[in-house]
Protein chains: 2
Amino acid sequence: MAAAGRKGETWTPPPPGRHVYDYPRPAVTVDCVVLGLDADDLKVLLIQRGLEPYQHTWALPGGFVLPDEDLDTAARRELREETNIEDVYLEQLYTFGAPRRDPRGRVITVAYYALAKLSDYRVTAATDAESVGWYPLDKLPALAFDHADIILRAVERLRGKVRYVPIGFELLPPRFSLTQLQRLYEIVLERQLDKRNFRKKILSLGLVVETEELEQGVRHRAARLFRFDKKKYERLLKQGFEFAI
Amino acid sequence: MAAAGRKGETWTPPPPGRHVYDYPRPAVTVDCVVLGLDADDLKVLLIQRGLEPYQHTWALPGGFVLPDEDLDTAARRELREETNIEDVYLEQLYTFGAPRRDPRGRVITVAYYALAKLSDYRVTAATDAESVGWYPLDKLPALAFDHADIILRAVERLRGKVRYVPIGFELLPPRFSLTQLQRLYEIVLERQLDKRNFRKKILSLGLVVETEELEQGVRHRAARLFRFDKKKYERLLKQGFEFAI
DNA sequence: GTCATATGGTGTATCTTGTACACGAAGTAA
DNA sequence: TTACTTCGTGTACAAGATACACCATATGAC
């Protein structure tokens, strides 16, 4: 959460009152918007704040950037510490620095967004000391700070990017059916797609390849599973190929 | 310039050594990549640093964010103070925060990019106390800090965005010929476009409208001038219209 | 094992958009 | 008048987008 109290971890805080500067400096935090795909919608991972300000209010996972730590590293560390999420697609989103966005004083936050395979992280209600939970985007609780704005911007970014960069796959398990993939695009882009045309288009790109596996545990005909051929994509990228849905 | 010494201006600095915090805090700056379009290429506006570190080295205009100042405001202020540029298209680009990007200590910079009508700002060689100059992107001088990376990212952003958002017009005067517009796209996208197809496409969008004016002072047949209909664009945007070249 | 139910998986015809391509018109300058 | 330079235009073809419906295959209940 932005500008929350530092949590313990292995790092030992220096004695207070020791950092003196000629000019005032803002505090700098990172916050992460983790988006995950559920059966029928996009969800965002929130944590419930344990400390003032906004105690008990839901907020984005995040916290202070350490003195010798890269911004990306800070974002990944906070994500790990507060939600146990690791190895996700993570990208810097935007930096929010309105002078009064934090009641304690000037806090500038570098926001990140992450795409997670929601099935990997079944933290569905509460897990830790603070609670952690996935919330559908259209039923967000009241949020601390300007975190609602940050989430909005993350969703905009995802919507804009998903058509031109194959990041949608980050929201799916490694093996997925074409129906799942289509549903992903329908949810993110908020419009219906034609099944046959979608398949034609996707397969024509040659980046989604058939596997031997079939969907398991469904009570109807099982769908074939496909995978995204990342290596091929990277090869094509270098040749100026453009992904587009 | 990132994390340069503060310049005088009207603001009076507080007495040194007065700002004390419990935890170390980074300094936060803004830096601006101003891009302008010349006859044959994109140029970036640089200033020559008057102070250590990197004294006399070329750098991006920028400086510290004031305690009660929004980030965008800080970027515009620095641009005005250091280069006299005002009223340009300005957008946050990316935040650079590698721990040792500034030799003086931890400095995080929020980078912005701006698009300017180069003809409005003929600061071609030196203007101020420090020099200011436009440099073509393929002939940049040695740059201070990580400013070369920042410029690279700004150009990438422009290239990615110019096809889907009508920001190219920000680089042209209010009235322009279709040949000028085509040249803009050719320079930014780094590929040749077909004249007839380009015109057909542009005019079919209905956002570039003919004026009564003709090009002046050319030694051949004068081209008709057009203008970008921003109001119409904004109206269409609300209806889900998508600009694309 | 048959039937009901649910989703999987496939092809074609039409329309729209992108691409390739060349020359006369209009103005200036000598 | 002529030479030069850029302006401004249309058509034929290829590629890609869209609209649209039905049989196949698996499960589960009876």
Side-chain angles (χ1 to χ4, degrees), chain A residues 37-40 162-164 166 172-173 175-187 189-227 236 239-245, chain B residues 37-40 162-164 166 172-173 175-187 189-227 236 239-245:
Chain A
L37 189 69
D38 203 351
D40 334 87
V162 80
R163 291 181 49 200
Y164 306 111
L172 294 179
R175 305 294 162 108
F176 49 84
S177 69
L178 295 182
T179 300
Q180 274 180 291
L181 186 62
Q182 180 177 343
R183 222 199 40 227
L184 182 164
Y185 279 96
E186 289 180 337
I187 290 170
L189 301 177
E190 290 184 310
R191 80 187 140 93
Q192 295 300 108
L193 301 172
D194 178 82
K195 187 173 178 175
R196 280 173 291 190
N197 294 337
F198 178 78
R199 285 168 185 237
K200 207 190 310 176
K201 176 82 200 227
I202 282 287
L203 295 174
S204 76
L205 295 174
L207 294 172
V208 166
V209 298
E210 201 170 307
T211 71
E212 296 303 304
E213 295 170 57
L214 297 179
E215 207 176 4
Q216 299 294 323
V218 287
R219 57 164 136 256
H220 52 76
R221 175 175 175 185
R224 179 159 301 273
L225 298 184
F226 291 74
R227 63 181 181 83
L236 290 172
Q239 298 162 28
F241 167 84
E242 291 183 29
F243 178 92
I245 298 289
Chain B
L37 190 68
D38 204 351
D40 337 86
V162 79
R163 292 181 50 199
Y164 306 110
L172 293 179
R175 306 291 162 109
F176 50 84
S177 70
L178 295 182
T179 300
Q180 274 181 291
L181 186 62
Q182 180 178 342
R183 222 199 39 229
L184 182 163
Y185 279 96
E186 288 180 336
I187 289 169
L189 300 176
E190 288 183 311
R191 80 186 140 94
Q192 296 300 107
L193 300 172
D194 177 83
K195 187 173 179 178
R196 279 174 290 189
N197 293 340
F198 178 79
R199 285 169 185 238
K200 204 191 311 176
K201 178 81 201 226
I202 282 287
L203 295 174
S204 77
L205 295 174
L207 294 173
V208 166
V209 298
E210 200 171 307
T211 71
E212 296 304 305
E213 294 170 57
L214 298 178
E215 207 176 4
Q216 299 295 325
V218 286
R219 56 163 137 258
H220 53 76
R221 175 176 174 184
R224 178 160 299 274
L225 298 184
F226 291 74
R227 63 184 181 80
L236 289 173
Q239 298 163 29
F241 166 84
E242 292 182 28
F243 178 91
I245 298 288

Classify A:Arg219 by what it touches in the nucleic acid, base, sugar-phosphate, or nothing, heavy-atom distance under 4.0 Å.
sugar-phosphate
With a non-hydrogen cut-off below 4.0 angstrom, is B:Thr179 in contact with a base, only sugar-phosphate, or nothing?
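The residue B:Thr179 makes sugar-phosphate contact but no base contact.
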Could you tell me whether a side-chain N or O of [X] sits under 3.5 Å from a main-chain N or O of [Y], the two making a donor and an acceptor?
| X | Y | result |
| --- | --- | --- |
| B:Arg175 | B:Glu215 | no |
| B:Ser177 | B:Arg224 | no |
| B:Arg227 | B:Glu210 | no |
| B:Asp194 | B:Arg196 | yes |

Rounded to the Å, how far apart are [X] [atom1] and [N] [atom2]?
| X | N | atom1 | atom2 | answer |
| --- | --- | --- | --- | --- |
| A:Asn197 | C:dC15 | CG | C1' | 13 Å |
| A:Arg196 | C:dT14 | CZ | C1' | 14 Å |
| A:Leu181 | C:dG8 | CG | C1' | 15 Å |
| A:Lys200 | C:dA13 | NZ | C1' | 10 Å |
| B:Phe198 | C:dA20 | CZ | P | 16 Å |
| A:Leu214 | C:dT7 | CG | C1' | 13 Å |
| B:Glu242 | C:dT17 | CD | P | 13 Å |
| B:Lys195 | C:dT19 | NZ | C1' | 17 Å |

Tell me which residues in residues 201-213 of chain B put a heavy atom below 4.0 Å from DNA chain D, sorted by number, or none.
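Those residues: none at all.
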Are B:Arg163 and A:Glu242 within salt-bridge range, i.e. N to O under 4.0 Å?
yes
Start and end of chain A contact along DNA chain D [non-hydrogen atoms, under 4.0 Å]
D:dA17 to D:dT27
Can you tell me how far the CG atom of B:Leu184 sits from the CD atom of B:Gln180, to the nearest 0.5 Å?
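Between atom CG of B:Leu184 and atom CD of B:Gln180 there are 9.0 Å.
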With rounding to the nearest 0.5 angstrom, report the CG to CZ distance, A:Leu178 to A:Arg183.
12.5 Å
Would you indicate, yes or no, if C:dG9 has its OP1 or OP2 atom less than 4.0 angstrom from a side-chain nitrogen or oxygen of A:Arg199?
yes
Any residue meeting side-chain contact (heavy atoms from CB on, under 4.5 Å) with B:Leu236, in chain and number order, not counting sequence neighbours
B:Leu207, B:Lys232, B:Gln239, B:Phe241
Assess the side chains of A:Arg199 and A:Thr179: does a donor N or O sit below 3.5 Å from an acceptor N or O?
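Their side chains do contain a donor-acceptor pair, which is all the 3.5 Å distance test asks for.
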Look at the side chain of B:Arg221 and decide which nucleotide, out of C:dA26, C:dC21, C:dA29, has an atom nearest to it.
C:dA26
